[in-house]
Amino acid sequence: MFLFIKVNKSLKAYQFWVWSHFTLALVYVFLGLRGTIPIYYSILLNNLFLVLTFNFRITACLHFFNHKISLKHILSYSALFLSIILYFTLIEDSIFIRTLSVTILIFFTYSYLSWILYKNKNKENAGIILFGIVVFLFYVGLNFARIILIFTDMQSVIFNNSSPFNSVYFTSLLILEVIWVTLFFALTGIRNRMEIREMKEHFEMIFRTSPEAILISRMSDGKILNLNEGFVRITGYTMEEALGKSPLELGIWQSVENRERMRSELFEKGYCENLEFEFQKKDKTKFTGIVSSRVIEVNGEEQVISVTRDISQRKEAERIIQEKNKELHELNITKDKFFSIIAHDLKSPFTGFLGLTELMSDDSGQMKPEEFLSLGKSLHESANNIYSLLENLLEWSRNQRGIIEFEPEIYSLKNIIDENIANIGNYASQKGIEIYNLTSIDITVYADISMLNSILRNLLSNSVKFSNRGNVVKIDAERTEKNETLISVEDNGIGMKPELVQQLFRIDQKVARYGTEGETSTGLGLLLCKEFTDRHNGKIGAESKEQEGSRFWVLLPGPPT
């Protein structure tokens, strides 16, 4: 019993049971010491350990079946019994009362224990419980007979007298102790089996109802031995289709290398945790899963239990969040660009414009005609630059807010280019720059006319701005094999460094530099070209060499077929 409680330290029932045997042994010790020590010591100690024995057994039985224990009642009964023994030993010596009291105590103790066993009878333990009750009731019957004999034949029940009844009574007591231990071990085994079954049922319930895909497979060949509904729901394979096959055979693994990586980790450590892999369902759709696996041993065979959680929705949510963050970042950049233009690039030309008007206002009376003419020319250039900037700023702002509608049609490209050359012709003439339209009359373009005009106007004015006096700007177009229209604007101006070319068309980069005659530039015109080209599902790019010139090109798709 001592070895038994070492294995079952958490259950108090076993501890009380061991103490009951220990105190019962002391009962016999002090019974045997009568005659060698004062009689009243032997009687008092004998009965003290007897009442402790029964208290421990009742407590052990109640603990075993998880019943509440009333310490108040146990102490009250014990105090009453010990008080009777004490009185009729030290004050009035009466073996009759003592024997009667002990017998009644045993009678009610085993009656109560029989009742506890009966109340906890179930389908699992009915056989052993009924056997125990029969044995206890037999002993209860012996004690009832002993009570009767106390009143009719006292000498036949005194413990140290040889009588047939005492032989039966004490022999039954020894047999009862053996049965007590056997009963306790048997009930423990039954309860352990019940707990194991309940745990198994609980595990089965968790296994079957878990939303994650759970597999139990052989370590040696990966064959699936068991699976749950989560696996069926996530992968689309039925139990019949999956059992006896490996996930590799089913085509669930997207990458054999990933499977080998997980197996290597299992062989090395015996487990793996939170590994993220791409998998494939029965219908060939992909999903992302987080896998945790552990090697277990069942009947001497190594098996792997794996839990896979489908995190595709989470990954999609993360992707959307990243996209939204990117959009938010771009919006912040757009806002910064907008305020930069307003705060600096728009302020600078206005400052010059105001300075010129102030000069004319203060000194107009003293100016010579040629000075006045030069001042007027400068005012015109400043006004033209401000107008161009405001026009681009307005178009860019409207496009950012989605106000500009996209209405593409087929147009003759040469005529549109001629109109845009005429619009900036005065600016080009002032710098002595010739613009040549090399586009064939039969070249057409499928585009939104207002957006196309903005693209052409900005590219042409950009080339003029960064060309020296006497340079040439050429614009040409051609049809590609894919029915696309390729427009190119080429100049032999000051060109750009390669790192500057890479920064063009990016809103997060500030590409602003002065033209060959001090013209201001914000880079906004090229951003408009990029955004309007994107609206056409087209492409835009640039090629340039410093001091050799630049070539800008726009590729616009043909009309849908």
Side-chain angles (χ1 to χ4, degrees), residues 1 16-37 39 42-58 60-61 77-78 81-82 84-85 88-89 93-118 121 126-187:
M1 291 297 292
F16 283 108
W17 199 257
V18 169
W19 280 111
S20 75
H21 284 282
F22 179 70
T23 52
L24 182 62
L26 292 177
V27 170
Y28 289 118
V29 168
F30 286 103
L31 277 174
L33 289 176
R34 288 192 182 184
T36 60
I37 62 173
I39 186 65
S42 174
I43 293 171
L44 292 175
L45 291 172
N46 170 69
N47 285 283
L48 171 63
F49 288 115
L50 184 65
V51 74
L52 286 175
T53 297
F54 294 138
N55 284 344
F56 287 150
R57 289 200 171 171
I58 291 173
C61 207
Y77 298 147
S78 300
F81 173 74
L82 291 174
I84 293 171
I85 297 298
F88 287 100
T89 300
D93 186 12
S94 174
I95 191 172
F96 174 82
I97 298 297
R98 292 198 301 269
T99 304
L100 180 62
S101 299
V102 169
T103 307
I104 291 173
L105 175 66
I106 296 172
F107 177 85
F108 281 110
T109 298
Y110 278 91
S111 297
Y112 184 51
L113 289 172
S114 298
W115 181 83
I116 294 173
L117 290 176
Y118 178 77
K121 179 174 66 68
I128 190 67
I129 286 284
L130 289 175
F131 173 75
I133 290 173
V134 169
V135 173
F136 291 165
L137 289 180
F138 173 75
Y139 192 60
V140 168
L142 281 178
N143 279 279
F144 183 74
R146 194 170 191 240
I147 292 172
I148 295 173
L149 288 173
I150 288 172
F151 289 98
T152 59
D153 187 9
M154 180 65 183
Q155 292 300 316
S156 63
V157 297
I158 296 175
F159 82 94
N160 56 354
N161 284 348
S162 177
S163 67
F165 181 81
N166 277 347
S167 298
V168 173
Y169 185 80
F170 287 106
T171 301
S172 300
L173 182 61
L174 293 174
I175 295 172
L176 182 65
E177 290 306 311
V178 175
I179 292 174
W180 255 121
V181 175
T182 305
L183 176 66
F184 209 74
F185 279 117
L187 288 174

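These numbers come from a predicted model, not from an experiment.
Phe107 and Phe144 have tilted rings, their planes meeting at an angle from 30° to 60° on a 0 to 90° scale. Below 30°, between 30° and 60°, or above 60°: for Phe96 and Phe151 the angle between ring planes is above 60°, a perpendicular geometry. The aromatic rings of Phe136 and Tyr110 stand perpendicular to each other, their planes meeting at an angle above 60°, with 30° marking the opposite boundary.
Counted by atom type alone, Arg57 and Tyr112 present zero donor-acceptor pairs between their side chains at under 3.5 Å. Side-chain atoms of Tyr169 and Asn143 form a donor-acceptor pair, as typed in the model, at a separation below 3.5 Å. For Ser156 and Asn166, the side-chain atoms include no donor-acceptor pair closer than 3.5 Å.
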Stepwise, does the side chain to side chain contact (heavy atoms under 4.5 Å, CB included) test hold for Asn47 with Phe81?
CA-CA 9 Å; Asn47 285 283; Phe81 173 74; 3.7 Å; yes
Run the numbers on Arg98 and Thr89 for side chain to side chain contact (heavy atoms under 4.5 Å, CB included), then give the verdict.
CA-CA 8 Å; Arg98 292 198 301 269; Thr89 300; 3.2 Å; yes
May I have the step-by-step check of side chain to side chain contact (heavy atoms under 4.5 Å, CB included) for Ile129 and Leu187, ending in yes or no?
CA-CA 8 Å; Ile129 286 284; Leu187 288 174; 3.8 Å; yes
Go through Ile106 and Tyr139 one step at a time and tell me if the side chain to side chain contact (heavy atoms under 4.5 Å, CB included) criterion holds.
CA-CA 9 Å; Ile106 296 172; Tyr139 192 60; 3.5 Å; yes
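Within the 3.5 Å criterion, the main-chain N or O of Val168 finds no donor-acceptor partner in the side chain of Thr171.
More than 12 non-hydrogen atoms from other residues, nucleotides or ligands lie less than 6.0 angstrom from OH of Tyr28. Taking a 6.0 Å sphere around CH2 of Trp180, one finds it holds more than 12 heavy atoms contributed by other residues, nucleotides or ligands. No more than 12 heavy atoms of other residues, nucleotides or ligands sit less than 6.0 Å from atom CZ of Phe108.
Atom CD of Glu177 and atom OG of Ser172 lie 11.5 Å apart (nearest 0.5 Å). With values rounded to the nearest 0.5 angstrom, Ser111 atom OG is found 11.0 Å from Ile116 atom CD1. Considering OG1 of Thr103 and CD1 of Ile150, their distance stands at 3.5 Å, rounded to 0.5 Å. Here the CG-CG distance, from Leu137 to Leu142, works out to 11.5 Å after rounding to the nearest 0.5 Å. Remark: Asn46 CG to Ile39 CD1 distance equals 9.5 Å, nearest 0.5 Å. Distance CG/Leu52 to OG/Ser78: 7.5 Å, rounded to 0.5 Å.
The only option from Val135, Val134, Ile133 that meets the side chain to side chain contact (heavy atoms under 4.5 Å, CB included) definition with Phe131 turns out to be Val135. Here the rule is ring pair (Phe, Tyr, Trp, His ring centres under 6.0 Å) with Phe49, and of Phe54, Phe30, Phe56 only Phe30 fits it. Put simply, the residue from Leu100, Ile104, Val157 that forms a side chain to side chain contact (heavy atoms under 4.5 Å, CB included) with Arg146 is Val157.
Residues Leu113 and Cys61 approach most closely at CD2-CB, 3.9 Å, considering heavy atoms. Between Gly132 and Leu117 the shortest heavy-atom distance is C-CD1, 4.4 Å.
Outside the 6.0 Å centre-distance limit, the rings of Phe16 and Trp19 are not counted as a close aromatic pair.
Counting heavy atoms from C-beta outward, Asn55 and Val51 have side chains that approach closer than 4.5 Å. For the pair Leu31 and Ser42, the minimum side-chain heavy-atom distance is 4.5 Å or more. Between His21 and Thr53 the shortest side-chain heavy-atom distance does not fall below 4.5 Å.
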